[in-house]
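Below is one structure, written out as structure tokens; the observations come after it.
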Amino acid sequence: MAEAMLEDEYKTSHQNLKEWGEREQATESSSSSSASTTAMTATATSKLESSDSGTTLFGAFARHRRPSSLLRDKYHSSTSLLIKSGILSSSTANMSGCMGGGSGGGPKKSVAIRLPPSTDIPNPPPKRARIHSSCSTQEVIQAIHTSFTEEDRLTAIQRATQTFDHNIQNLHDGEIDAGADVALTKHLIFLSIHHHPSSNRSSLSAQQQQHHHETCLTCEALECILRASANQVSNAYQHVGPSLLKVLVALIEEEVDLRIQAVTPDASPAAAGEPIIDPLLLDADGGFDDIDNADTQQNDTSKTSPSDSSRSVTPPPERKKSTGIATYDRDQMLEKIAKILGHFARVGAATRSLAHFPGLLGSVLNLINIRPFEAIPWQARLSCLWVVANLACNTENMQMMMCTPTLINSLVSLLARPLDAGASLQSTMEVLRSRSITTRAILNLSWLPENKTPLATNFALLQQLVTFAIQRDHPFRKSKTIQDIVLQTRRHSIGAVRNLAAASRKTKILLCEYDKGKVLEILTDAALNDDDANVRDLTFAAIHNLAIQDTAEMMVKRPSLVMALKNQLLTEEEAGAPPNDPKSHASSTLLVLERSITPDMDAYENLRMLLDAVNPTPTMPDQSVQNVSADRSSNANGSVGNSSDDDSLQRTEAVAV
């Protein structure tokens with residue numbers, strides 16, 4: 001009660017003060033100095049109240065909007081002046097009387113009004129971005145379930161695409177929990193049942209074009225919700241995987257037939273779908289000749305171990321454009337189908353059933369093999385390559401994929417694709433990324449022991465690996481993204497050579513003798529000139545894998561290779577270095593060479609220079625040197641040179657990423 005009365009009294013006194021100041025300013029222009037000061041102060045207070053967006057104070061108990069710091073300082077100074085001048089004395093006396101502070105005839109006392117603190121209130125933290133949609137997930141799903149006419153179906157799918165098209169993972173998880181994947185899969189199956197392919201593939205009716213548009217939107221909505229976490233994508237695959245894959249494979253095959261007939265009307269689908277390798281690139285032995293084309297030598301590919309977020313280096317897709325062979329809706333449909341398969345392939349538990357699904361791997365390869373390259377969207381081709389590379393990560397799929405017809409030839413064909421000198425940034429990115437993903441797929445396939453010999457004897461593939469293992473020049477040198485892609489291709493190529501070198505004795509000899517020691521030459525180049533630590537580590541691991549009694553002389557005959565080993569052995573070992581670092585590989589290689597090379601060999605002097613540089617010792621008498629050499633000769637014919645292939649595999653094998 002007392003607080004309310006105090007507030008009312010202060011409001012009255014404040015209003016009276018304002019009116020009194022205006023009246024005094026209008027009627028008494030020249031009064032005493034004290035009265036003049038009081039009037040000016042009251043006017044300033046009045047202007048302050050009106051200029052501060054209607055801010056008024058109703059005592060210390062009312063809610064108010066805090067003024068800015070400059071206006072707050074002026075307000076505090078003017079208020080303190082009013083209190084000191086005694087203008088509020090009459091009103092404060094009445095307030096004190098009302099509160100029982102004394103009789104009305106007692107002395108008048110001033111009351112100091114404490115203003116709110118002047119500290120600034122910090123801004124609240126930014127809120128998470130909200131998805132602006134007029135429909136909830138449940139409403140969208142219900143609309144898909146209940147729509148039947150063509151117009152209603154199209155409206156429901158368009159609404160679903162608008163609602164699900166975002167990149168917030170936890171919202172996509174909730175959409176899968178709500179059953180959006182099931183509703184969209186049912187809708188896609190419904191569309192496939194009511195679709196009747198035209199016998200005349202060269203032209204499509206308006207009804208078929210409308211069907212393609214609705215199918216495209218449905219695939220787009222499905223791809224959106226599969227941007228969820230890996231666990232939720234795995235759950236979605238368990239719910240709808242087999243049924244959805246059956247429809248997707250049929251859609252891919254239909255598009256492949258349509259595009260092949262559009263490109264080569266008189267060619268059969270089987271002939272048109274074969275991977276094309278330029279015969280000019282092949283030599284008499286079936287391998288690739290050295291290509292001095294400056295365009296191809298400008299291209300490298302790159303960097304780290306593959307993940308789903310690595311696709312971030314892909315340039316943004318160009319919207320509203322088609323390949324010219326098909327409509328925009330059909331191009332978008334292929335792109336979204338390939339991305340759906342890519343989402344499923346990033347789930348480790350689904351890779352085996354995905355790879356063994358009838359017709360899926362063959363349809364993906366048919367899509368990759370369509371020529372010309374412009375016949376399909378480049379995003380769809382890259383997504384299909386990601387699917388192949390991810391499926392090859394599963395050891396249960398590796399041998400089956402090696403036995404798949406045209407798979408290796410398809411990968412070699414993509415590696416042999418040249419890059420034009422005046423190619424656009426998009427074209428350059430597509431070629432470089434396709435090389436990076438393809439070499440990753442080969443790296444994964446080369447891990448399985450049963451695949452090493454077939455891959456090592458494929459000279460066309462081997463030529464591409466040794467070419468990209470040392471390619472460091474690339475277009476758009478200032479682009480960090482392209483530098484990373486080029487580096488990743490180099491790592492994958494050297495890693496594949498390392499895996500192939502951990503094979504049987506005959507395979508090791510074959511690799512060392514290939515193209516007059518081409519493999520040893522590129523390994524030497526990488527060991528001496530590459531500035532990436534991972535590439536050098538993989539290089540010395542590959543050299544170690546190739547070092548046996550039968551290949552030791554071929555290695556020692558190369559002074560550059562011996563120098564690379566010496567440089568690595570003379571470097572200071574870093575603290576905490578792993579046991580399989582480059583220096584450890586070089587030391588193990590030197591041990592094999594020392595026990596395999598005898599003084600009667602021509603290459604012994606190169607080895608002796610290496611040994612003296614690494615471990616200098618006082619000069620020994622000739623007789624002692626001969627005895628030591630005899631011991632080395634006997635050891636070279638013993639167990640070290642004839643180490644079993646199983647020991648070599650256990651010593652050097654590493655799981656492909």
Side-chain angles (χ1 to χ4, degrees), residues 126-148 151-192 213-248 251 307-309 311-312 314 316-317 319 329 332-351 353-354 379-380 383 386-387 390:
K127 296 182 179 180
R128 178 177 58 81
R130 298 181 61 184
I131 303 301
H132 299 284
S133 176
S134 58
C135 302
S136 65
T137 301
Q138 291 293 347
E139 292 174 343
V140 170
I141 295 174
Q142 184 65 21
I144 295 174
H145 281 310
T146 56
S147 60
F148 186 77
E151 182 178 358
D152 292 343
R153 295 198 314 265
L154 195 58
T155 302
I157 291 301
Q158 288 175 342
R159 232 177 244 174
T161 304
Q162 295 172 359
T163 304
F164 299 150
D165 189 9
H166 57 82
N167 293 314
I168 303 178
Q169 191 178 83
N170 58 348
L171 292 185
H172 288 307
D173 292 347
E175 291 160 4
I176 293 179
D177 286 334
D181 55 335
V182 177
L184 291 171
T185 302
K186 286 182 178 180
H187 191 82
L188 195 60
I189 294 174
F190 173 82
L191 294 177
S192 65
H213 179 62
E214 188 174 354
T215 304
C216 171
L217 292 178
T218 307
C219 293
E220 185 175 354
L222 261 172
E223 189 274 328
C224 288
I225 65 173
L226 290 178
R227 299 170 191 169
S229 61
N231 290 335
Q232 286 296 84
V233 174
S234 178
N235 294 335
Y237 184 80
Q238 294 177 0
H239 294 158
V240 301
S243 301
L244 179 60
L245 290 180
K246 185 176 181 180
V247 178
L248 297 183
L251 289 174
S307 67
D308 306 57
S309 62
R311 282 179 294 197
S312 60
T314 306
R319 310 289 293 182
D329 286 331
Q332 282 291 100
M333 181 181 67
L334 267 187
E335 180 184 341
K336 298 305 177 182
I337 289 175
K339 285 187 176 181
I340 291 172
L341 298 179
H343 284 305
F344 285 148
R346 67 185 172 97
V347 179
T351 52
S353 59
L354 196 65
Q379 300 95 329
S383 296
W386 270 112
V387 171
N390 287 348

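When a residue number appears, it is its place in the shown sequence, counting from 1. Treat the numbers as computed from the prediction; the structure is a model and nothing was measured. Just so you know, these numbers use all the heavy atoms, side chains as well, and skip hydrogens, waters and symmetry mates.
Side chain of H187 to main chain of A183: no donor-acceptor pair is present (N/O by atom type, distance under 3.5 Å, no hydrogens or angles). Not one N or O on the side chain of S383 forms a donor-acceptor pair closer than 3.5 Å with the backbone of A380. Judged purely by atom type and a 3.5 angstrom limit, T163 has no side-chain atom pairing as donor or acceptor with the backbone of A160. Between the side chain of H172 and the backbone N or O of H166 there is at least one donor-acceptor pair closer than 3.5 Å. Using a distance-only test at 3.5 Å, with no hydrogens or angles considered, a donor-acceptor pair links the side chain of S353 to the main chain of A350. In terms of modelled atom types and a separation under 3.5 Å, the side chain of D173 and the main chain of S229 share a donor-acceptor contact. With hydrogens and angles disregarded, no donor-acceptor distance shorter than 3.5 Å links the side chain of S234 to the backbone of A230.
Across all non-hydrogen atoms, the minimal contact from A345 to T351 is O-CG2, 3.5 Å. For the pair I141 and A178, the tightest heavy-atom approach, listed with the atom from each and the gap, is CD1-O, 3.5 Å. Across all their heavy atoms, C224 and F164 have their closest contact at CB-O, 3.3 Å.
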- Determine, step by step, whether L184 and V240 satisfy the side chain to side chain contact (heavy atoms under 4.5 Å, CB included) criterion, reporting the C-alpha distance in whole Å, the side-chain angles of both residues, the deciding distance to 0.1 Å, and the verdict. CA-CA 10 Å; L184 291 171; V240 301; over 6 Å; no

- Message: Evaluate Q169 against R227 for side chain to side chain contact (heavy atoms under 4.5 Å, CB included), listing each step before the verdict.
- Response: CA-CA 7 Å; Q169 191 178 83; R227 299 170 191 169; over 6 Å; no

- Message: Pair F344, N390 - check side chain to side chain contact (heavy atoms under 4.5 Å, CB included), show working.
- Response: CA-CA 10 Å; F344 285 148; N390 287 348; over 6 Å; no

- Message: One pair to check against side chain to side chain contact (heavy atoms under 4.5 Å, CB included): I189 and K246. What are the steps and the verdict?
- Response: CA-CA 9 Å; I189 294 174; K246 185 176 181 180; over 6 Å; no

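With rounding to the nearest 0.5 angstrom, the CG atom of L251 is 11.0 Å from the SG atom of C216. Put simply, CD1 on I337 and CD on E223 are 11.5 Å apart, with the number rounded to the nearest 0.5 Å. To the nearest 0.5 Å, atom CD of residue E220 and atom CD of residue Q158 are 10.5 Å apart. Between the CD1 atom in I144 and the OG1 atom in T146 there is a gap of 9.0 Å [rounded to 0.5 Å]. Atom CG in L341 sits 8.0 Å away from atom CG in L244 (nearest 0.5 Å). Rounding to the nearest 0.5 Å places CG of L171 at 7.5 Å from OG1 of T137.
With Q232 as the fixed residue, the side chain to side chain contact (heavy atoms under 4.5 Å, CB included) test singles out one of D177, L226, I225, N170: D177.
At least one side-chain heavy atom of I157 sits under 4.5 Å from a side-chain heavy atom of T161. Between L191 and R153 the shortest side-chain heavy-atom distance falls below 4.5 Å. Using a 4.5 Å heavy-atom cutoff, the side chains of Y237 and L245 are in contact. For the pair V347/L354, no side-chain contact is recorded, criterion being any heavy-atom separation below 4.5 Å from C-beta on.
The residues K336 and D329 are annotated as not salt-bridged, no charged nitrogen and carboxylate oxygen being separated by less than 4.0 angstrom.
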